[in-house]
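Bear in mind the structure is a predicted one, so any value in this text is a computation, not a measurement.
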Amino acid sequence: MSTRQLVLESRSSKAGVGRGTAAGPVPSGAEAAPAAASASTPAASAPSSSAPAESADEPPTAVERPAEGRPAEGAQALGLTPVPAVPAKPTWAPAVPAAAAALPGPAALPVAAVLPVPAAAPVPFEPLFRQAPALNWVGPDDRWTRAWGVRAVAEPPPALEPVGAAEPAAEPPSAEDLVLVRACLAAVAPDADRTMAHFHALMFLRHPELRAMFPAAMDEQRTRLFQALRLCAARAADPAELRAYLGPLGRRHRKYGALTRHYASVADCLVAALARYGGSGWDGRTEAAWRRLLALVSRLMVEGAEEEARSAPPWWQAEVVEHRQATRDVAVLTLRPDQAYPFRAGQWAAVETPWWPRVWRPYSFGSAPRPDGLLTLHVKAVQAGWVSNALVHRARPGDVLRLGAAEGAMTVDHAAGGDLLCVGGGTGIGPVAALVEEVAERGAAGRRVEVFYGARRAAELYRLEELRELAARHAWLTVRAVVSESAGAPGGALVGDLPEAVARYAPWHGFAAYLSGPEAMVRSASAVLRRCGVPDGSLRHDLAAREGERG
């Protein structure tokens, strides 16, 4: 009997019992390997009891929490901690700890509590499943490779290798080295896709265990890698700028399963690929220049990963506890992480689904931190969007996603006390509403908050009533709806393009502007607001950071 069939039978016998899922290892016969892979931790959709069991090639489903007083079979042996029933959504504004912004990383706190931790004494991270060996191991015989039918290895997985220290610092690249590197990239550029494809082929041939860290389709990876190389070559002359770029990149690579030993293997294969396509200009000096640059890149990425590894896991597992179809193409997902997940209103996180392994996409949080620890995402299914379509049209309560650490600087400085202009288009209203919730919780302190909520049609303004009710309770908040199509426009709504509607109420001197929504809208609104008196330093959005996650 398959794991999914066991889950379905278990559900049918638990009428009236609070629903919950323990996101973690799934015992299967004699297998006791943990259910986490450094590039993908699977969890498949859990259909209703009337749905047929899916085929065996689907990723295993997370084990349903048993009825009260009866631990799941094998759970005690693996040291699993039962997940409590989903708490009711609170009716009050979420509390945001004063020390939240100063936290260096997530602390091992209960999911239902969000307590301030002094920045001077960070609490070391402990996994939820403390007795699970090799929690972040990836490779043959992890859950993802088993789900996809990859042949298992005879030996058990190795213990998790800590990020550790990088190789001894090599001589940094000189100005002459950077000239050679940039000349090589210019020579390779016409064949960049072929060069990067050759690099990946060499890496998977020499190190087949690394293939599990990458998605099935590699075209996007090739483009992203070449862009990263060009950025490194452009910023290498400024160590601070290069560190600011590579530190977050190294932290993001933790969720793919990157370990210290992998960087040297990657560098060797990359040099070999560049040598093949570098043309007549490739020589010993160019190779030495590349090796010095790649050694510096590796060291900075490992340092970034090592810093975060002291206090945070590479990812969080989060169960979908509610899936609401707000419109035909927009879904609001409520998630319960497997452990405390620290974030601020206005931030975003990379999300991976079990249906598209190793494909991560960034989504902003649609609510401020809640006392019950639940998270909210607003997702619109875009054309050819693998992850967005899966989240909107396939995800259901009981499915388990993976989250990277919260990122982004589109947060409110409550000490500044200035007025706020918030512009949200489509699902971009999610982080805007979260910022308003946080201000309501902290107190407006005399500031004004102006919200412009735009969509093409009135039916797409799915959070308008909620925001208007909040504005009715707080005199400092003003909410204006903007629709492109006048037919059926709600009462008091503005008609036209969202950035143009914002410009009608100019000037905006003294306001800090927060912009969220489609990329074209954010760029257009940024240009309009500059003309309306908002300086660049007061424009807050995460386009560059989110593009970095994609690229």
Are the charged groups of Arg448 and Glu450 less than 4.0 angstrom apart, N to O? yes

Side-chain donor or acceptor of Trp315 paired with backbone N/O of Glu352 under 3.5 Å: no

Within the distance-only criterion (no hydrogens, no angle test), does the side chain of Arg463 pair as donor or acceptor with the backbone N or O of Tyr453 below 3.5 angstrom? no

Are Val436 and Val479 packed together at the side-chain level, in the sense that at least one heavy-atom pair is separated by less than 4.5 angstrom? no

Using side-chain heavy atoms (C-beta onward) and a distance below 4.5 Å, is Thr427 in contact with Tyr462? yes

Is there a donor-acceptor pair closer than 3.5 Å between any side-chain N or O of His323 and the backbone N or O of Leu391? yes

List for me each residue that meets ring pair (Phe, Tyr, Trp, His ring centres under 6.0 Å) alongside His474, sequence neighbours excluded, and say none if there are none. Trp476

Arg361/Glu220 ion pair, N-O < 4.0 Å: yes

Does the side chain of Arg370 come within less than 4.5 Å of Thr376's, by heavy atoms? yes

Contacts of Arg456 that satisfy side chain to side chain donor-acceptor pair (under 3.5 Å) - sequence neighbours left out: none

Can you name the nearest heavy-atom pair linking Pro490 to Leu464, along with the distance? CG-CD2, 4.0 Å

Got a donor-acceptor contact below 3.5 angstrom from the Gln325 side chain to the Arg328 backbone? yes

So, do Tyr341 and Phe365 have ring centers that fall under 6.0 Å from each other? yes

Is there a donor-acceptor pair closer than 3.5 Å between any side-chain N or O of Trp316 and the backbone N or O of Leu401? no

Test Asp338 against Glu319 for side-chain contact (heavy atoms from CB on, under 4.5 Å), laying out the working first. CA-CA 8 Å; Asp338 59 354; Glu319 180 190 2; over 6 Å; no

Could Arg442 and Glu438 be called an ion pair, given the rule that one side-chain N must be under 4.0 Å from one carboxylate O? no

